[in-house]
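Below is one structure, written out as structure tokens; the observations come after it.
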Amino acid sequence: MLLRLYITTVFLLNAFSVLANLHFENGEGNTITGFIRDEENNPVAYALVKTENGSDYALTNTEGFFTLDINIIDDIYLAVSCIGFENARVKVADNAKNINITLVAKPNYLNEVVITGDRTKRVLKDVPVLTKVITAMELQNTGSMTVLDALENIMPGVHFDPSAWMGDNIQIQGLDNNYVLILIDGERAVPERRESVNFARLNVAEIERIEIISGSSSVLYGSNAMGFVINIITKEVKKPLEGYVQERYTKYNSWNTDAAVGFKWKGLSSKTAFNFKITEGYDLTPESPTYYTVNPNNDISVSQNFGYKFSERFNASLNGSYYRHNIENPPASVETTHSLDNNYTLNAKANYKFSKKNIITGSAHTDIFKSYKVYEKKNDSIGLDGDYYYATFRIIDEWNITDEYQIIGGVEHNDEQTFSVRLFGSENGDQRKKAYNSNIFLQGTGTIFENLEGVLGLRYTYHSGFGSHLTPSLSLMYKLSGFRFRGGVNSGFKAPTLKEMYYNFNMAGMFDIVGNPDLKSETGWYKFVSAEYINENINASLLLSHNRISDKINIVERHVIAENGSDKTEMHYENIEDVGIIAFGAFIQCRFLNYFQAKADYSYANAKNIDTKLQIEGNSKHNLTTSIFFKYPGFRIKRIEFPFIVALTGKYSSPRIYEKEKIVDDETVIINENSNDFYTVNLFYTQKIPISGRWNAEIQLGVDNMFNYIDDKTFASINPGRRFSILTRINF
């Protein structure tokens, strides 16, 4: 593995050395040619290139290429400008050929486009619900190896408790997997173990941005969207031909290989992406070497996206992916089986424009998870252990009545089913459970009076398990110069899961877990107010919210008499809890001293069981994430610019709370078993290396958890400590 990294690095450096000298071989005549690109190596079209204090100028084409004829004999300085980018000043020689110039984008938060808030493309400043965005630049330059890394390091209040057997268990403000809806390009990702989504299936290098909305969004997204909605948007093909290959290595012999290639030709577009990850795992409990904190594992994922534009009115796409997750046992393990998981997705979508103001979209999406047992002593033969299947069929009509009024409505049908060898017992062989729901939703957006915009939504759901449910929402936004004031009341619901309804599982002879098919849906009301200020250099916001969840499903312990007359413990699912979460958030993102960008995001959450007054188990009240980027246009070697970025990020979480009631001397007292507080600091340096034409390279050096914080006592986090990493990448 190390030899592979060494060869890749040497190849990059030699390629750079040879090709850099080709940039400035003198040709005939006084002509300069070159490429203008942004920091992500995308061409910048219609940029103005002119000689400083001269009359010679040219515009770049759609490929970012320009040709400039000059009449200057002395030193030549080019002035480059384009809307949305910082102006650049570059010294070149006459007759320079195919020079590379990188423009640095201005962080114009006003014009960033998001889609999650109301299922339509809208600029960030006009979204009726406060939306946070993690960009591809942040993902890449903060060394995020997985989506887990990105969410934990950039978004406050996010905790993961990964487990070889229970998956990536997420918790935000005291709410677990069941209340955090994960979308991939707007489509629901299927849960796996413990209702959690395996984030390792996502290739971070292929993520364009992550959009995060606090509170209920059930009107648009249905069940589970009660606490947070996290929409992971993947990259589309932007150039006639593009691609990359990258390799990353870090501690515990962890390798991450990514590659992709895409093209656009006439109306056809295609993109193929590949990811391979492998790690030896790590263990924070060496006293039990047969079980690791994170077991050795390896992943393979492949995705293929096709798109075709039939006409100016009609286009369609077909996308599919495959993911394999192999979870091995530690070397000292006595287990004779291990787990092998597969995920398959298929999505078909078509858009038709009836007019400039009316677009209808039809889509069909399916996501399938299959879990196998691998029998190591039987030639690694496999047997199906369980599966989960989710399919969505949807039609959405987007009608822009005027510039001030918009209606979006649709119908949606979802089918789900799950199978388990162990969880549903063996009575009558009924180990496969099914449910479906059908929905109609409508949301209208319009100007009430000058500077005040309202959003009113309604969703009707029929669920095969609990019947009908009506979900309303109302949001308001008032604009005042650079300020946005938002407020609203949104209803939400969560359908009981198939496991909660049909569990029939014996836990190693200790107790039985029993489902309840008569469970009601959980319902909630999310109320919020927020204030936001945005200009070219600053984005700052405050958010105050209250989330009330009623009929929350939890486990009740019961003692019954077994058939043989012995005492027996059963754990039953029931609608027994009401939960209230009061939360406050403060966020600021700014640009200063030309080359610096900084971000700080703080959240406070008081999450209580309303009946017992106890904090929700595992909640961390205070959370803070910070980041600072130094983006320098670059030093020069032989008139070639070498831009680089230094990223410093930090995360702090107060102790996670585990309050319990206990009887002491006939009195009920609250026992605190809190964890330690938790913090990490990460540092990454990314060097960009122009090669030739559309080709460039990157080398990234980083240290994660540079102060080596490890909590092997209370396990507030399962971070394994300080890890150094190196990444090499070639783009074209």
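Along the sequence shown, residues carry numbers from 1. The figures that follow rest on heavy atoms only: side chains count, while hydrogens, waters and symmetry mates do not.
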Below 4.5 Å, heavy atoms only, C-beta onward: do [X] and [Y] meet side chain to side chain?
{"X": "Ile553", "Y": "Pro496", "result": "yes"}
{"X": "Met145", "Y": "Val204", "result": "no"}
{"X": "Leu151", "Y": "Phe199", "result": "yes"}
{"X": "Tyr502", "Y": "Thr418", "result": "no"}
{"X": "Trp525", "Y": "Pro472", "result": "yes"}
{"X": "Ser541", "Y": "Leu130", "result": "yes"}
{"X": "Ile172", "Y": "Ile230", "result": "yes"}
{"X": "Val197", "Y": "Asn177", "result": "no"}

[atom1]/[X] to [atom2]/[Y] distance, rounded to the nearest 0.5 angstrom?
{"X": "Asn297", "Y": "Ile327", "atom1": "CG", "atom2": "CD1", "value": "7.0 Å"}
{"X": "Thr366", "Y": "Asn414", "atom1": "OG1", "atom2": "CG", "value": "11.0 Å"}
{"X": "Leu268", "Y": "Ser270", "atom1": "CG", "atom2": "OG", "value": "6.5 Å"}
{"X": "Arg201", "Y": "Ser301", "atom1": "CZ", "atom2": "OG", "value": "10.0 Å"}
{"X": "Asn319", "Y": "Glu187", "atom1": "CG", "atom2": "CD", "value": "10.0 Å"}
{"X": "Arg459", "Y": "Ser491", "atom1": "CZ", "atom2": "OG", "value": "11.5 Å"}

Between [X] and [Y], is any side-chain donor less than 3.5 angstrom from a side-chain acceptor?
{"X": "Thr361", "Y": "Asn351", "answer": "yes"}
{"X": "Thr234", "Y": "Asp185", "answer": "yes"}
{"X": "Asn178", "Y": "Asn224", "answer": "no"}
{"X": "Asn575", "Y": "Glu522", "answer": "no"}
{"X": "Ser550", "Y": "Thr523", "answer": "no"}

Whether [Y] and [X] form a salt bridge (side-chain N of Lys/Arg under 4.0 Å from carboxylate O of Asp/Glu) is what I want to check.
{"X": "Glu453", "Y": "Arg122", "answer": "yes"}
{"X": "Glu242", "Y": "Lys235", "answer": "no"}
{"X": "Glu152", "Y": "Lys651", "answer": "no"}
{"X": "Asp387", "Y": "Arg432", "answer": "yes"}
{"X": "Glu500", "Y": "Lys494", "answer": "yes"}

Are the aromatic ring centres of Tyr352 and Phe354 under 6.0 angstrom apart? yes
When the aromatic ring centroids of Tyr526 and Phe528 are compared, is their separation below 6.0 Å? yes
Side chain to side chain contact (heavy atoms under 4.5 Å, CB included), paired with Leu183, selected from Ile233, Ile232, Asn231: Asn231
Between [X] and [Y], which heavy-atom pair has the shortest distance, and what is it?
{"X": "Pro156", "Y": "Asp601", "answer": "CD-OD2, 3.3 Å"}
{"X": "Met226", "Y": "Gly524", "answer": "CE-N, 3.6 Å"}
{"X": "Val219", "Y": "Phe441", "answer": "O-CB, 3.5 Å"}
{"X": "Arg188", "Y": "His365", "answer": "O-NE2, 4.0 Å"}
{"X": "Thr116", "Y": "Leu220", "answer": "O-CD1, 4.4 Å"}
{"X": "Ile184", "Y": "Ala189", "answer": "CD1-CB, 4.0 Å"}

If you apply the rule side-chain contact (heavy atoms from CB on, under 4.5 Å), what do you find for Phe584 with Tyr602, and how did you get there? CA-CA 8 Å; Phe584 170 77; Tyr602 166 79; 4.1 Å; yes
Can you tell me if [X] has over 12 outside heavy atoms packed within less than 6.0 Å of its [atom1]?
{"X": "Ile395", "atom1": "CD1", "answer": "no"}
{"X": "Lys527", "atom1": "NZ", "answer": "yes"}
{"X": "Gln304", "atom1": "CD", "answer": "yes"}
{"X": "Lys520", "atom1": "NZ", "answer": "no"}

Assess the residue pair Arg394 and Glu412 against the criterion (salt bridge (Lys or Arg N to Asp or Glu O under 4.0 Å)); give the C-alpha distance rounded to whole Å, side-chain angles, the decisive distance to 0.1 Å, and a yes or no. CA-CA 4 Å; Arg394 183 187 305 113; Glu412 178 180 290; 2.7 Å; yes
Can you tell me if [X] uses its side chain to pair, donor with acceptor, with the backbone of [Y] under 3.5 Å?
{"X": "Ser438", "Y": "Tyr462", "answer": "no"}
{"X": "Ser363", "Y": "Lys349", "answer": "no"}
{"X": "Asn343", "Y": "Ile368", "answer": "yes"}
{"X": "Asn203", "Y": "Asp258", "answer": "no"}

Applying ring-ring contact (aromatic ring centres under 6.0 Å, His included), can you list everything that pairs with [X], at least two apart in sequence or on another chain?
{"X": "Tyr460", "result": "none"}
{"X": "Tyr573", "result": "Tyr503"}
{"X": "Phe493", "result": "His469"}

Just jot down the side chain to side chain contact (heavy atoms under 4.5 Å, CB included) partners of Leu456, sequence neighbours excluded, or say none. Leu474
Would you please name every residue forming a side chain to side chain contact (heavy atoms under 4.5 Å, CB included) with Asn400, sequence neighbours left out? Lys357, Glu398, Gln406
Positive for side chain to side chain donor-acceptor pair (under 3.5 Å) with His325, one of Asp341, Asn342, Asp299: Asp299
Geometric class of the Tyr390/Tyr388 ring pair [parallel <30°, tilted 30-60°, perpendicular >60°]: parallel
With salt bridge (Lys or Arg N to Asp or Glu O under 4.0 Å) as the criterion, how do Asp38 and Lys238 come out once you've worked through the C-alpha distance, each side chain's angles and the decisive distance to 0.1 Å? CA-CA 13 Å; Asp38 63 17; Lys238 298 179 180 178; over 6 Å; no
Between Asn275 and Lys277, does a side chain to side chain donor-acceptor pair (under 3.5 Å) hold up when you go through it step by step? CA-CA 7 Å; Asn275 173 257; Lys277 292 190 288 287; 2.8 Å; yes
Just do the side-chain contact (heavy atoms from CB on, under 4.5 Å) check on Thr625 and Ile154 with the steps written out, would you? CA-CA 6 Å; Thr625 60; Ile154 300 175; 5.6 Å; no
Would you mind listing every salt bridge (charged side-chain N to carboxylate O under 4.0 Å, His left out) that reaches into residues 134-146, with sequence neighbours excluded? Glu138-Lys599
